[in-house]
Amino acid sequence: MEPVEIIEDGVLLRPWREADAEAVHRACQDPDIQRWTTVPRPYRPEHAHGFVTEISGRAWAEGTGAPFAVCDPSTGDLLGSCGLISIDPAGTGEIGYWTAPWARGRGVMVRATRAVARWSFDSLGLRRLIWQAEVGNHASRLVALRAGFRVEGRLRMSDPALHGGADGWIGSLLPGEVPAPGSTGPAGPGTLAARRAAVFGRPQPVLFATAAAGELRLRPMEEQDLDAVVQTSRDPETIRWTTVPDPYERTDAQGYQAYGRDAWARGDAACFVVADPDDRYAGTLDLRLSPADPLLADVGFVTAPEARGRGYLPAALVALSAWGFSTLGLARIEWRANVGNTSSRRAAEKAGFTVEGTARAGVQHRGERVDVWVGALLAKDLT
């Protein structure tokens, strides 16, 4: 396959040159590129030289790929890498990209990805492009969405990475689905998708709440919390009103910690430990986003026996809900509890939730359907 150059929407895509090696080496020292791509670690000058002089040229010559240097058409400065990392005989190509740290925040890779996609369909006659990224790489996912890809699911054990998890996101793009040059397209700046990519693409934050006893911290679960989680989950009241495993073992607490970490990476939920003024475990509080309604979430919480009656959970609920409304753009947060769980209801009502009714046989609880109270909090309820 003969190498080509593409100029579109303010970016130049051209074949790699030997002179690019220094800039490639400099870009690939970036922690995000090393975290989310398959570049060698550590990335040495010989890796960059081999890529621009041998690997990229071989892909073009053998027709197995189409790697482009993404450049500024005016200055020639390297901005990133984008191209087809594989092309199969059935007409499917896989796209891959990275943005140099000095070129981020300018929409460079969105424009480059669209240009490569359009060329792949119009000139190569491909019938489909696919995109893959490790779960948690929200920056890559946002580029794919803005370039028109539909993120269609997850692949378990797709490509076990040196760091982080092994599951991957996968999406596809078909001819006719590439947004026009200059258009905002889906998931553009200011959209809910962009907003949440910025949130979940960063480490989980620490939130703060104020109770009568002092300042509380809402933070990710740590190793030091596991014994307290086990003790709380073995408490008769916890077993009675929640669905924690019974008996509850340390491996269950470790699994719950892993769930919280993975849910944040996926952008599905924010799971916090409520820590008292001495940073001791006082409970857990989860905000779970609805897969059906992007503006809806629900909360679930458990209080450690020694922390009950101190007002910790109402204060934490207010702090978490305010964060959900202001940062995630939620419109409604729901609470549910088995009928009779007056402690949970009291905490929700103190936080401002309105109990809206009873759902008969609303949930499955330890082998039977039980009635549940249903309540909700709206953003205006906190103002």
Side-chain angles (χ1 to χ4, degrees), residues 209 211 216 218 221 225-226 228-253 255-257 259-260 263 268-274 276 281-293 295-321 324-325 330-378 381-382:
L216 310 175
L218 281 68
M221 185 177 293
D225 303 314
L226 295 180
V229 171
V230 172
Q231 293 172 7
T232 298
S233 299
R234 290 177 176 175
D235 176 72
E237 287 297 294
T238 303
I239 296 171
R240 179 185 181 188
W241 296 117
T242 76
T243 57
V244 297
D246 182 21
Y248 195 93
E249 306 296 341
R250 186 177 175 86
T251 53
D252 295 311
Y256 179 64
Q257 182 183 25
Y259 161 76
D268 292 345
C271 303
F272 291 92
V273 158
V274 181
D276 71 10
Y281 174 88
T284 55
L285 179 57
D286 299 346
L287 183 69
R288 300 171 292 243
L289 304 185
S290 167
D293 183 345
L295 301 183
L296 174 66
D298 72 274
V299 293
F301 50 86
V302 172
T303 309
E306 63 274 13
R308 291 171 186 160
R310 299 188 180 184
Y312 287 174
L313 259 296
L317 266 173
V318 170
L320 180 62
S321 299
F325 291 131
L330 294 171
R332 175 181 167 93
I333 299 174
E334 294 183 345
W335 157 88
R336 286 176 173 80
N338 294 6
V339 170
N341 189 351
T342 55
S343 295
S344 179
R345 177 168 179 159
R346 188 160 49 246
E349 289 180 325
K350 286 183 178 179
F353 282 76
T354 298
V355 178
E356 298 171 333
T358 300
R360 295 179 301 158
V363 296
Q364 185 78 9
H365 184 79
R366 304 202 183 279
E368 61 178 336
R369 301 296 296 187
V370 300
D371 297 348
V372 292
W373 288 317
V374 179
L377 185 72
L378 307 184
D381 298 332
L382 292 181

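Residues: numbered from 1 along the sequence shown. Keep in mind the model is a prediction, meaning the values are calculated, not measured.
Partners of Thr243 under the side-chain contact (heavy atoms from CB on, under 4.5 Å) rule, at least two apart in sequence or in another chain, are His365. For Asp276, the salt bridge (charged side-chain N to carboxylate O under 4.0 Å, His left out) criterion is met by Arg280, not counting sequence neighbours. With sequence neighbours excluded, the residues forming a side-chain contact (heavy atoms from CB on, under 4.5 Å) with Glu349 are Arg345, Val355, listed by chain and number. Scanning for side chain to side chain donor-acceptor pair (under 3.5 Å) contacts around Trp241 gives Glu237, with sequence neighbours left out. Not counting sequence neighbours, Asp381 has no partner by the salt bridge (charged side-chain N to carboxylate O under 4.0 Å, His left out) test. Among residues two or more places apart in sequence or in another chain, the side chain to side chain donor-acceptor pair (under 3.5 Å) test is passed with Asp268 by Arg266. Applying the side-chain contact (heavy atoms from CB on, under 4.5 Å) criterion to Arg336, with sequence neighbours excluded, gives Glu334, Val374. Ser321 is linked by a side-chain contact (heavy atoms from CB on, under 4.5 Å) to Phe325, Ile333, Phe353, Leu377, Leu382, counting only residues two or more places apart in sequence or in another chain. Scanning for side chain to side chain donor-acceptor pair (under 3.5 Å) contacts around Ser344 gives Trp335, with sequence neighbours left out. Applying the side chain to side chain donor-acceptor pair (under 3.5 Å) rule to Tyr256 yields the partners Asp286; only residues at least two apart in sequence or on another chain are considered.
Nearest heavy-atom pair across Asp225 and Tyr281 is OD1-CB, 3.9 Å. Taking every heavy atom of both residues into account, Ala209 and Leu218 meet most closely at CB-CD1, 4.3 Å. Here the shortest heavy-atom pairing between Val229 and Ala253 reads CG1-CB, 3.9 Å. Of all heavy-atom pairs spanning Gln257 and Met221, the tightest one is NE2-O, 3.3 Å.
Side chain of Thr238 to backbone of Arg234: no donor-acceptor contact under 3.5 angstrom is found. Not one N or O on the side chain of Arg250 forms a donor-acceptor pair closer than 3.5 Å with the backbone of Val230.
Here salt bridge (charged side-chain N to carboxylate O under 4.0 Å, His left out) pairs that include residues 301-312, with residues two or more places apart or in two chains, are Asp235-Arg308. Applying the salt bridge (charged side-chain N to carboxylate O under 4.0 Å, His left out) test to every pair with at least one member in residues 350-365, sequence neighbours left out, gives these pairs: Arg332-Glu356.
Thr242 pairs in a side chain to side chain contact (heavy atoms under 4.5 Å, CB included) with only one of the listed residues (Asp246, Val244, Ile239), which is Val244.
From Leu330, atom CG reaches atom CG of Leu378 across 11.0 Å, with rounding to the nearest 0.5 Å.
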